[in-house]
Structure formats: C-alpha cells, structure tokens
Amino acid sequence: MKKLLVTGGAGFIGANFVHYWLEKYPSDNVVVVDALTYAGNIANLDRVKNKANFNFVYGNICDQALIEKLLCDHNIDTLVHFAAESHVDRSITGPDAFIETNIMGTYSLLKAAKKVWLEGERIFEKHRFHHVSTDEVYGTLSLTDPAFTEDTAYAPNSPYSASKAASDHLVRAYHHTYGLNVTTSNCSNNYGPYHFPEKLIPLVITNILHDKALPIYGDGQQIRDWLYVEDHAYGIDLVLQNGRVGENYNIGGNNEWTNIEIVKTISKLVEQEFLKNKELSKCFPNAKAAMEENTESLITYVKDRLGHDRRYAIDATKTNNELSYKPNESFETGIAKTVSWYLNNEEWWQSVMDGSYQNWITEQYS
Ligand code: NAD
Ligand code: DAU
C-alpha cells in the first residue's frame with residue numbers, strides 16, 4: 001500500500017492521475033498539494049474529494065516547511081511531481097513564474113524529500129520521487145529526424161522547456177549526489193478531460209461551440225505527438241511500480257499530427273455529434289454546426305509563436321520494452337471521448353473560462 005503526495009493534482013494531468021490511481025489502487029492514500037493557480041481547479045477533484053483516503057492541501061511547492069510537514073504527517077513514501085507552469089505561450093510573455101515554480105519549486109521539493117526521507121528520524125528506504133517532465137526538453141525535430149529517445153541531448157528552446165530541463169537536471173543531481181530514489185518521465189502532448197482551454201485541443205473545441213475563430217499559429221504544419229491523458233497516468237504507474245531508480249522514461253503514443261490536421265479532425269467530429277444529437281443545437285445555438293454551416297470556416301491563420309518548435313516525436317521503445325508499456329487509447333477513440341466530454345461538461349469549461357471556479361479559494365481563505 002502506497003502513500004502518495006501528488007503535487008499539482010488539481011491541474012489537468014494531475015487530476016486525471018489521481019482519478020486513475022484511486023480507481024486502480026483504492027486502498028492507497030493520496031494527498032494532493034496544489035497552489036490553485038489559474039490552471040488549478042478544486043472541482044477537478046470532485047470525484048474523489050469525499051474518500052477517506054484522500055486529502056487536499058492548498059499550498060505552494062516552494063514552501064519547503066509545508067512539504068516536509070506533509071511528508072511526515074502523512075508518512076508519504078511516494079511523491080509524484082506534476083506542479084508546474086505549463087503553457088509555452090505564457091512562458092514567452094512572462095517567464096518569471098516558470099523559473100519560480102518549475103525550477104525553485106522542484107528544488108524545494110527535492111530539499112524537503114532529502115531532509116525527511118534520507119536524514120529524518122525515520123529513514124524511508126523505500127521512498128520514490130517521481131518527476132513528471134516533457135518531450136520539449138529535447139528541443140525540436142525536422143520532418144526526417146528520428147524521434148527523441150532518452151539519450152537525445154537536451155536542447156530546450158522556450159523559457160518553459162528550459163525551466164523543465166533545469167528541474168530535470170536537479171532531480172538527476174539529487175539522485176547521483178545524495179542517493180535520492182528518483183525517476184523522471186518525459187511525455188509528449190496530452191489531451192483529454194479537464195484540459196485547460198488555453199491549450200490547442202480544448203481551445204478549438206470550446207471556440208467552435210462559441211462560434212469563435214480557431215487560431216492557427218504560422219502555417220499550421222507544426223507536428224505534435226498526442227497521447228490520451230489516462231495513458232500518461234498508466235505510464236507513470238508502470239514507472240513507479242517497475243522503473244529503475246535514476247532512470248528517465250519516455251512516454252508517448254506514436255501519434256504524430258500537424259496542428260491543422262488536429263483542428264480539421266475536431267471540426268468534423270463536432271459536426272458529426274451535432275448531426276447525431278439534435279439537442280446540441282439547442283445548447284450551442286451559435287455553433288456553425290447548429291446552423292449546418294461549415295465549421296472549418298472558423299480557421300484563422302495568425303502570427304506564429306516566437307521560437308515555435310516545429311516537430312516533437314517520442315520514441316518510447318525503452319518504456320515499451322522494459323515496462324511493457326502500450327497506450328490503451330487510439331487517437332480515434334481518445335479524441336472522440338475528449339470531444340464528447342467537452343460537449344457534456346459545459347459547466348466545467350464555462351466556469352474555467354469566466355474564472356468563477358476560483359471562488360473556492362475566496363470562500364475558504366477570506
Ligand atoms: P496544468 O497547468 O494543467 O496544471 C498545473 C497544476 O500545478 C495546477 O493545478 C496548478 O495550480 C499547480 N501549480 C502551479 N504552480 C504551483 C505551485 N507553485 N505550487 C503548487 N501547485 C502549483 O499542467 P498539466 O498540463 O497538468 O501538466 C502537469 C505536468 O506535466 C507539468 O509538470 C508539465 O510540465 C508536464 N507535462 C505536461 C504535458 C501536457 O501536454 N500538458 C505533457 C508532458 C508533460
Ligand atoms: O509536448 C509536451 C508539451 O505539450 C507540454 O510540456 C506542455 O506543458 C503543453 O502545454 C504542450 O505544449 P504545446 O506548446 O505543444 O501545446 P499547445 O496546446 O499550447 O500547442 C500545441 C500546438 O498548437 C503548438 O504547435 C502551438 C499550436 N497552437 C496552439 C494554440 C494554443 C496553435 O496553432 N494555436 C493556438 O491557439
């Protein structure tokens with residue numbers, strides 16, 4: 001039975017991970033610590049909030065004393081670190097928060113883990129610090145380059161990916177220098193429920209329903225390697241159970257698409273859903289599909305992202321071979337589930353978009 005501290009568990013991937021974990025391991029204890037930034041939403045954890053073996057703590061990973069206290073009070077043996085500033089565009093306009101949370105926050109967690117697990121009154125032989133990283137640390141690929149492996153040299157190009165790379169290096173150093181039991185996973189682009197609608201896939205779905213432009217940066221030919229979020233949780237699970245300490249594991253779906261293909265696929269799927277379910281036209285009367293007009297006419301090419309990486313692709317051979325990892329969801333099934341989730345959860349994304357989901361903090365702490 002594990003006792004997990006999950007940082008950033010109120011965010012997109014963290015919340016999906018907590019759902020996955022408590023469904024699969026109902027006897028484990030899970031504590032989430034989350035600062036509930038604009039990207040964190042306590043409602044993402046509604047499904048588990050009443051479980052006796054679940055706790056939510058409103059707090060910042062930069063608060064080392066708090067993290068030490070949580071590790072001790074809850075006898076934590078496994079820390080799964082998702083908390084981060086995660087949006088590349090925001091890192092271009094305001095890198096400070098990325099340096100603070102992604103680098104200093106990870107450093108603070110490492111110091112807390114070392115103090116409690118390696119130097120505390122009770123030594124935790126069987127501890128694990130799992131760091132959730134990204135494929136973006138490897139830089140960018142041309143169309144003909146082989147996909148990133150765990151041996152690809154780090155070459156981060158944005159303040160976001162540079163801050164993640166720095167945190168990966170600190171995690172590695174805490175293993176080599178102090179013997180902290182760490183693992184790191186580098187995953188490709190995730191999609192699925194609870195994805196904040198500033199990122200491409202949820203932005204496109206919600207803009208279609210609001211009859212707003214679908215912004216395509218540059219020529220739309222950039223390539224991302226998309227993975228359904230539960231398959232990321234599954235990959236982390238395998239790394240926690242059987243991954244070798246001190247190792248990095250790539251997690252990906254072998255599923256490359258250009259951005260323009262993604263946007264066109266989603267446009268078609270939404271149109272099909274409106275044809276199948278006439279109620280949707282009443283719920284979203286402004287959508288082109290409600291008027292039987294062409295959704296793709298919303299596509300609008302806009303100025304490119306600064307320093308925009310052209311292509312990411314993950315080679316997950318090591319994870320597949322060593323840990324028998326294989327995603328459960330195909331892109332066809334995963335994207336259909338995702339579109340359907342957004343069509344059925346308007347309340348969630350409306351509250352996220354108008355900011356009212358953050359009332360919880362005011363209610364609890366004023
Ligand atoms: P997200 O932005 O949706 O969620 C981040 C969460 O961290 C939020 O709940 C936020 O409130 C919390 N947080 C931020 N700063 C904090 C702080 N100082 N203290 C405590 N909590 C804080 O991010 P996500 O997309 O769920 O990504 C989670 C992790 O996975 C990140 O480390 C990211 O780099 C990595 N990752 C993301 C993707 C992707 O496609 N989204 C792919 C690979 C790796
Ligand atoms: O690769 C993993 C990374 O994937 C994670 O580490 C990041 O946390 C996560 O945000 C994601 O980064 P991307 O920059 O790839 O995701 P985003 O959804 O912002 O953009 C996907 C692609 O779509 C990218 O090429 C930029 C483009 N784009 C994005 C937006 C928001 C557009 O063309 N238009 C848009 O409006």
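Whatever order the structure lists them in is the order used to number ligands and atoms, beginning at 1.
Which of His195, His308, Gln222 comes nearest to atom 25 (O) of ligand 2 through a heavy atom is settled by distance: it is His308. Between atom 14 (O) of ligand 2 and the options Arg305, His87, Arg224, the minimum heavy-atom separation is to Arg305. For the residues Phe12, Tyr191, Tyr217, the heavy atom positioned nearest atom 35 (C) of ligand 2 is part of Tyr217.
Ring orientation note: the planes of Tyr160 and Phe98 are nearly perpendicular, at an angle over 60° on the 30°/60° scale.
Of all protein heavy atoms, the one lying nearest to atom 34 (N) of ligand 2 is Pro215 O, 2.8 Å. At the top of the distance list for atom 27 (C) of ligand 2, counting protein heavy atoms only, stands Asn259 ND2, 3.4 Å. Given atom 2 (C) of ligand 2, the protein heavy atom at minimum distance is Asp135 OD1, 3.2 Å.
Under a 4.0 Å criterion applied to the non-hydrogen atoms of Lys199, ligand 2 contributes the atoms 10 (O), 18 (O). Heavy-atom contacts of Tyr312 reach the following atoms of ligand 2: 1 (O) (cutoff under 4.0 Å).
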Pick out the protein N or O atoms lying less than 3.5 Å from any N or O of ligand 1, and list each pair with its distance.
from: ligand 1; atom 1: 2 (O); to: Ser86; atom 2: OG; distance (Å): 2.7
from: ligand 1; atom 1: 3 (O); to: Phe12; atom 2: N; distance (Å): 3.1
from: ligand 1; atom 1: 9 (O); to: Gly11; atom 2: N; distance (Å): 2.9
from: ligand 1; atom 1: 9 (O); to: Asp34; atom 2: OD1; distance (Å): 3.2
from: ligand 1; atom 1: 9 (O); to: Asp34; atom 2: OD2; distance (Å): 2.6
from: ligand 1; atom 1: 11 (O); to: Asp34; atom 2: OD1; distance (Å): 2.6
from: ligand 1; atom 1: 11 (O); to: Leu36; atom 2: N; distance (Å): 3.4
from: ligand 1; atom 1: 11 (O); to: Thr37; atom 2: N; distance (Å): 3.0
from: ligand 1; atom 1: 11 (O); to: Thr37; atom 2: OG1; distance (Å): 3.1
from: ligand 1; atom 1: 18 (N); to: Asn60; atom 2: OD1; distance (Å): 2.9
from: ligand 1; atom 1: 18 (N); to: Thr101; atom 2: OG1; distance (Å): 3.3
from: ligand 1; atom 1: 19 (N); to: Ile61; atom 2: N; distance (Å): 3.0
from: ligand 1; atom 1: 21 (N); to: Ala35; atom 2: N; distance (Å): 3.1
from: ligand 1; atom 1: 23 (O); to: Ser86; atom 2: OG; distance (Å): 3.2
from: ligand 1; atom 1: 26 (O); to: Phe12; atom 2: N; distance (Å): 3.4
from: ligand 1; atom 1: 26 (O); to: Ile13; atom 2: N; distance (Å): 2.8
from: ligand 1; atom 1: 32 (O); to: Phe82; atom 2: O; distance (Å): 2.9
from: ligand 1; atom 1: 32 (O); to: Lys164; atom 2: NZ; distance (Å): 2.7
from: ligand 1; atom 1: 34 (O); to: Tyr160; atom 2: OH; distance (Å): 2.6
from: ligand 1; atom 1: 34 (O); to: Lys164; atom 2: NZ; distance (Å): 3.1
from: ligand 1; atom 1: 40 (O); to: Asn190; atom 2: N; distance (Å): 2.9

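Only the side chain of Glu136 comes within contact range of ligand 2, with a heavy atom under 4.0 Å; no backbone atom does. Contacts between Leu200 and ligand 2 below 4.0 angstrom, taking non-hydrogen atoms only, involve backbone and side chain alike. The parts of Asn189 lying near ligand 2 are both backbone and side chain, judged by heavy-atom distances below 4.0 Å. Only the side chain of Leu203 comes within contact range of ligand 2, with a heavy atom under 4.0 Å; no backbone atom does.
For Ser167 and Asn102, the side-chain atoms include no donor-acceptor pair closer than 3.5 Å.
Between Asp237 and the options Trp21, Tyr325, Tyr25, a side chain to side chain donor-acceptor pair (under 3.5 Å) holds for only Tyr25.
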